[in-house]
Peer 1: 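Before anything else, here's the structure in question.
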Amino acid sequence: MVSSCGSGQKASREPTLKDYFQDDFLIGAAIPVYHVDGMDPKADSIVVLHYNSVVPENCMKCEKIHPEENVYFWDDADKFVKYGEDNNMDIIGHCLIWHSQLAPWFAVDSLGNDVAPEVLEQRMKDHITTIMTRYKGKIKGWDVVNEAIEDDGTYRQSPFYRILGEEYIPLAFEYAHEVDPDVELYINDYNMAHPAKREAYVKLVNDLKASGHRVDGIGIQGHMGMDYPDMVELEKSIEAFAGTGAKVAITEWDMSALPTIRETANVSAGETLDMSQFQNPYPDGIPREVIEEWNRRMGEYLALFKKHAKEIDRVTFWGTYDGMSWRNDWPIPGRTDYALPFDRSYELKPFLKEAMQN
Ligand code: XIL
């Protein structure tokens with residue numbers, strides 16, 4: 001007998017992203033410290049309801065967690081890990097070795113000159129070992145090396161590369177594996193659809209494996225815009241990365257709805273932004289045709305990720321709702337962007353609502 005919609009009937013549960021994607025991949029979000037501190041209750045209810053994985057937006061980065069030699073600041077990272085545990089989420093550590101947001105002391109001596117290779121090796125080892133040991137058994141996987149390769153496939157001229165050469169990457173994976181043979185170890189980068197970058201990562205991961213190193217996953221950050229990345233090239237990267245035997249993850253997904261700015265200043269090298277490029281066309285709300293196009297594009301990438309759900313282990317958005325996205329301030333600060341799956345009223349955007357109806 002078909003029951004009627006009488007008042008006695010229990011209201012159906014709100015459909016959640018984690019239910020919807022349960023046969024596909026983990027679904028996650030990056031969260032800032034104020035979120036963990038309970039200062040953004042609406043974002044908090046979104047994360048607790050919809051996500052089964054979290055990554056810290058900043059609090060585990062070197063400049064935050066290891067601001068001076070032999071000085072670690074654990075408070076925020078501890079709270080973040082507890083938050084993930086309390087909510088039964090798969091917790092991702094981000095990130096151990098990265099040129100950006102690197103504590104200023106890390107690669108220099110007291111005069112500000114590059115340290116000797118063996119000093120940097122020891123500092124990397126201490127950093128990786130101390131942090132991973134503290135959270136051993138609590139974290140599913142670590143971004144061990146972040147943003148090591150340029151878009152043209154060459155090594156980034158980071159302090160690590162300048163001082164240690166290519167060897168810094170196998171060393172980082174070696175140190176991480178020594179701490180915990182059970183935690184997953186990832187390498188992560190942006191613009192992964194660029195063919196030269198794709199080839200460089202495939203070679204790097206294959207070489208690491210051939211030399212006996214463990215790399216469990218390749219992270220495609222997935223910072224997108226209205227005219228990139230090329231869908232066909234992105235699919236080739238997903239397939240090529242999976243071909244190495246590593247798990248693939250979309251680790252920092254967002255899509256700027258604003259005009260793409262190609263030239264970005266290297267702020268850490270002292271460059272300033274070219275503000276003549278400042279364009280902030282939608283400070284008071286995004287025109288309907290633009291947000292429709294944004295949703296259409298996000299829906300297409302989502303369909304691609306679902307198509308490759310066998311190879312993709314996790315999809316993580318870089319934030320929760322538009323108002324808190326780093327894209328409002330990058331590559332130029334002070335714009336109003338619309339980059340995330342929930343809007344400024346904490347409403348789920350159409351591309352996901354529609355997907356969940358199918
Ligand atoms: C960003 C954060 O979202 C910002 O709050 C911070 O000011 C800069 O870094 N690639 C990464 C992330 O791996 O850690 C970056 O996060 C975005 C680009």
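Reckoned from all heavy atoms, side chains included, excluding hydrogens, waters and symmetry mates. The structure displayed is predicted, hence computed values, not measured ones. When a ligand or atom number is given, it counts from 1 through the structure's own listing order.
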Peer 1: Would you say the side-chain atoms of H177 and E174 include a donor-acceptor pair closer than 3.5 Å?
Peer 2: no
Peer 1: Kindly tell me which protein residues have any non-hydrogen atom under 4.0 angstrom away from an atom of ligand 1, grouped by chain and ordered by number?
Peer 2: E57, N58, K61, H94, W98, Q101, N146, E147, Q221, H223, E252, W318, W326
Peer 1: Taking only residues two or more places apart in sequence or in another chain, which ones pass ring pair (Phe, Tyr, Trp, His ring centres under 6.0 Å) with F241?
Peer 2: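 None.
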Peer 1: Is it true that D40 and K42 make a salt bridge, defined as a side-chain N closer than 4.0 Å to a carboxylate O?
Peer 2: no
Peer 1: What residues form a ring pair (Phe, Tyr, Trp, His ring centres under 6.0 Å) with F305, not counting sequence neighbours?
Peer 2: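 Scan of F305 (ring pair (Phe, Tyr, Trp, His ring centres under 6.0 Å), adjacent residues dropped) gives W253.
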Peer 1: State whether a side-chain donor-acceptor pair under 3.5 Å links S158 with R156.
Peer 2: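 No, because no side-chain N or O of S158 sits under 3.5 Å from a partner of the opposite role on R156.
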Peer 1: Please list, chain by chain and in numerical order, all residues satisfying ring pair (Phe, Tyr, Trp, His ring centres under 6.0 Å) with F21, sequence neighbours excluded.
Peer 2: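 Partners of F21 by the ring pair (Phe, Tyr, Trp, His ring centres under 6.0 Å) criterion, ordered by chain and then number, come out as F25.
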